[in-house]
Amino acid sequence: MLGKFFKKPDAEQSDRVPPGQYLTKGFPVLTYGDTPHVTIEDWEFKVWGLAKPATFSWDDFMAMPQSNFTADFHCVTRWSKLDVQWTGVKVTDFMKHIEVDPKAVHLMEHCYGGYTTNIPLEDFLREENFFAHTVFGEPLPAEHGGPLRLVVPHLYAWKSAKWINGLQFLDKEQSGFWERNGYHRRGEPWAEERYSGLFGS
Ligand SMILES: Nc1nc2c(c(=O)[nH]1)N[C@H]1C(S)=C(S)[C@@H](COP(=O)(O)O)O[C@H]1N2
Ligand SMILES: [Mo]
C-alpha cells in the first residue's frame with residue numbers, strides 16, 4: 001500500500017506521527033456499513049443516562065459558539081492525516097448545556113446507522129475535542145460523517161463518531177461496536193493501543 005498515496009513521515013513531521021502510522025495526503029473514508037443520510041431538518045441529538053435528558057435540534061447546535069480547529073487524524077488501520085481543518089462546536093461549550101450526574105464516569109457515543117463507541121468521561125471532556133460540521137471550509141460530506149461528527153484528536157479515529165446523534169452517560173465502562181470486536185478499549189495512538197489482547201494484535 002505504500003507508494004503513491006501513503007508515505008513514511010519525513011523528519012520534520014515524524015514527531016507528529018505516532019508509531020506504526022503512515023501519512024496520507026487524501027482523506028480516506030472508513031465506515032462500517034452504509035452511509036446514513038440525514039437532513040438538518042430531521043436531525044436530532046439526544047442526551048440520556050446519567051445526565052438530565054435533553055434533545056437538541058440543528059438550530060440549537062448552530063446557536064452555540066462556533067470555533068475553528070486544526071487537528072491530526074490517526075486511523076488504527078495505520079493511516080494518519082495531519083492538519084485537518086474543521087469548524088464546529090467545542091465539546092466543552094456543548095457541555096455547558098448538560099447537567100451530568102456526579103456518578104457518571106464513562107459514556108457511549110451513539111450515531112445514525114447504529115454505530116457506537118465508548119469513551120471515558122475524562123477523555124471526552126478534553127478541551128481539544130469538538131463536534132464538526134465543516135471540513136476544509138466545506139460542509140462535512142455525508143461519507144465523512146455529515147451533518148455532524150465528533151472529533152477526538154488524541155485517540156484513534158474510531159472514537160470520532162460520524163453522524164453522532166446521542167450521548168449516553170454511564171456509571172461504568174461499556175463496549176461500543178469496535179471495542180466488542182477486538183479494538184482496544186481506549187485507543188491512544190502514541191501508546192499503540194490498537195487491539196485488545198483477547199483478539200491478538
Ligand atoms: N458512525 C460511524 N463513525 C465512525 C466510523 C463508522 O464506521 N461509523 N468509523 C470510524 C473509523 S474506524 C475511522 S478511522 C473514522 C474515519 O473517518 P473518515 O471516514 O471521515 O475518514 O471514523 C470513525 N467513525
Ligand atoms: Mo479507523
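Both counts, for ligands and for their atoms, begin at 1 and track the order of listing.
Contact check for Ser160 versus Arg149: side-chain heavy atoms found under the 4.5 Å cut-off. A heavy-atom distance below 4.5 Å is found between the side chains of Thr116 and Arg180.
In summary, the atoms of ligand 1 found under 4.0 Å from a heavy atom of Cys111, numbered by their order in the structure, are 1 (N). Within the listing of ligand 1, atoms 19 (O) sit less than 4.0 angstrom from a heavy atom of Val29. Listed by number with element, the atoms of ligand 1 under 4.0 angstrom from any heavy atom of His144 are 18 (P), 19 (O), 20 (O), 21 (O). Set against the non-hydrogen atoms of Thr31, the atoms of ligand 1 under 4.0 Å away are 7 (O). Of all atoms in ligand 1, numbered sequentially from 1 with element shown, those under 4.0 Å from a heavy atom of Trp163 are 1 (N), 2 (C), 8 (N).
Paired with Pro147 under the rule side chain to side chain contact (heavy atoms under 4.5 Å, CB included), one option of Thr134, Ile40, Thr39, Asn165 passes, and it is Ile40. With respect to Gln168, the side chain to side chain donor-acceptor pair (under 3.5 Å) criterion is satisfied by exactly one of Gln174, Glu109, His110, His106: His110.
Closest to atom 13 (C) of ligand 1 among all protein heavy atoms lies Ala157 O, 3.7 Å. Among all protein heavy atoms, the one lying closest to atom 7 (O) of ligand 1 is Tyr32 N, 2.7 Å. Of the protein's heavy atoms, Leu30 O, 3.1 Å lies nearest to atom 9 (N) of ligand 1. Looking only at heavy atoms of the protein, atom 14 (S) of ligand 1 is closest to Cys75 SG, 3.3 Å. Closest to atom 22 (O) of ligand 1, if we only count protein heavy atoms, is Arg149 NH2, 3.1 Å. The single protein non-hydrogen atom nearest to atom 19 (O) of ligand 1 is Lys162 NZ, 2.5 Å, given as residue, atom name and distance. When hydrogens are left out, the protein atom nearest atom 11 (C) of ligand 1 is Trp158 CA, 3.7 Å; that is the closest non-hydrogen contact.
Side chains of His74 and Ser80: a donor on one and an acceptor on the other come within 3.5 Å.
Salt bridge annotation for Glu179-Lys159: present, with a cationic side-chain nitrogen under 4.0 angstrom from a carboxylate oxygen.
Under a hydrophobic clustering in which Ile, Leu, Val, Met, Phe, Trp and Tyr are joined whenever their side-chain heavy atoms come within less than 4.5 Å, directly or via other members, Leu121 and Leu170 fall into different clusters.
Ring geometry for Phe61 against Phe94 counts as parallel: the plane angle stays under 30°, on a 0 to 90° scale with 60° as the upper cut.
When heavy-atom distances to ligand 1 are checked against a 4.0 Å cut-off, Tyr112 has no atom that comes that close, whether in backbone or side chain. Residue-level proximity to ligand 1 for Trp79 is carried by the side chain, the only part with a heavy atom below 4.0 angstrom.
Other residues, nucleotides and ligands place no more than 12 heavy atoms under 6.0 Å from the OH atom of Tyr32.
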Exercise for the section: Evaluate side-chain contact (heavy atoms from CB on, under 4.5 Å) for His144 paired with Val135, printing each intermediate quantity in order. Expected result: CA-CA 9 Å; His144 283 300; Val135 66; 5.6 Å; no
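The closest non-hydrogen atom to atom 24 (N) of ligand 1, taken over Pro28, Gly113, Pro36, Ser160, comes from Ser160. Closest to atom 4 (C) of ligand 1 by heavy atom, among Tyr115, Phe73, Phe27, is Tyr115.
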